[in-house]
Amino acid sequence: MKKIITILLLSFGLNLFSQVVPEPSTTFYVTDLADILTDNEEVRIDALIREYKSKTTTEFSVLTIKSLEGNDLESYANTVFRKWGIGTKAHNN
C-alpha cells in the first residue's frame, strides 16, 4: 500500500457529498480554498514541498477547505488522494 503524506488544513464551508473535489493543480502543490494563506506563504510552502520531493521522492500537497460540514476527514482525504493521484507506483511513497 502506498504511503502518502498529505496535509489537509481545514477552516469553514465544504460538503463532501454536494461539493466536488477541486481539480489538482498541475503546477502548484498548494490549493488554498479556505483563503487562509497569503500569496507569499503559498509560494514558500510550495518551494519547501518541491525541495523535499527532490530530496526524498515523497509527494504531498496542501489543501485548505472551509469545512467538512459534519463529514469525516478520512473519506474526504481518500477522495482527494484518488482524484489528485498523489504518490507514484515507482517509489511507493
Side-chain angles (χ1 to χ4, degrees):
M1 181 173 179
K2 285 185 178 180
K3 294 178 184 174
I4 300 173
I5 299 173
T6 299
I7 300 172
L8 292 176
L9 300 175
L10 305 176
S11 191
F12 315 98
L14 178 71
N15 186 320
L16 176 62
F17 301 108
S18 66
Q19 179 71 28
V20 175
V21 173
E23 291 296 321
S25 172
T26 57
T27 58
F28 209 58
Y29 290 104
V30 179
T31 303
D32 182 22
L33 300 180
D35 200 28
I36 60 174
L37 301 171
T38 66
D39 290 343
N40 287 341
E41 289 169 331
E42 289 181 36
V43 169
R44 180 67 182 138
I45 293 168
D46 184 74
L48 290 169
I49 293 170
R50 289 176 188 281
E51 180 181 351
Y52 187 76
K53 181 182 176 188
S54 73
K55 291 178 180 178
T56 67
T57 71
T58 299
E59 294 183 355
F60 67 94
S61 296
V62 172
L63 170 63
T64 68
I65 60 175
K66 293 184 178 190
S67 173
L68 290 171
E69 291 188 3
N71 297 301
D72 70 289
L73 176 61
E74 292 79 12
S75 295
Y76 185 77
N78 283 326
T79 301
V80 173
F81 297 154
R82 284 190 295 275
K83 182 170 183 174
W84 287 17
I86 299 168
T88 64
K89 287 183 180 182
H91 293 105
N92 193 29
N93 59 2

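The structure presented is a predicted model; accordingly, all values stated were derived computationally and were not measured.
- Taking the side chain as every heavy atom from C-beta outward, P22 and L63 approach each other to under 4.5 Å.
- Qualifying side chain to side chain donor-acceptor pair (under 3.5 Å) partners for E51, counting only residues two or more places apart in sequence or in other chains: K55.
- Taking both residues in full, the closest heavy atoms of T31 and W84 are given as OG1-CH2, 3.6 Å, listed atom of the first, atom of the second, then distance.
- For the atom pair CG (L73) and CG (N78), the distance works out to 9.0 Å, reported to the nearest 0.5 Å.
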Could you give the side-chain donor-acceptor pairs of residues 40-47 under 3.5 Å, partners two or more places apart or in another chain?
unit_1	atom_1	unit_2	atom_2	d
E41	OE1	T38	N	2.7
E41	OE1	T38	OG1	3.4
D46	OD1	Y29	N	2.7
D46	OD2	R50	NE	2.6

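- A donor-acceptor distance shorter than 3.5 angstrom exists from the side chain of T64 to the backbone of L33, with no hydrogens or angles considered.
- What you find for P24 and K83 is that their closest heavy atoms are CG-O, 4.4 Å.
- L48 and I86 fall into different hydrophobic clusters, where Ile, Leu, Val, Met, Phe, Trp and Tyr residues are linked whenever their side-chain heavy atoms come under 4.5 Å apart, directly or through other members.
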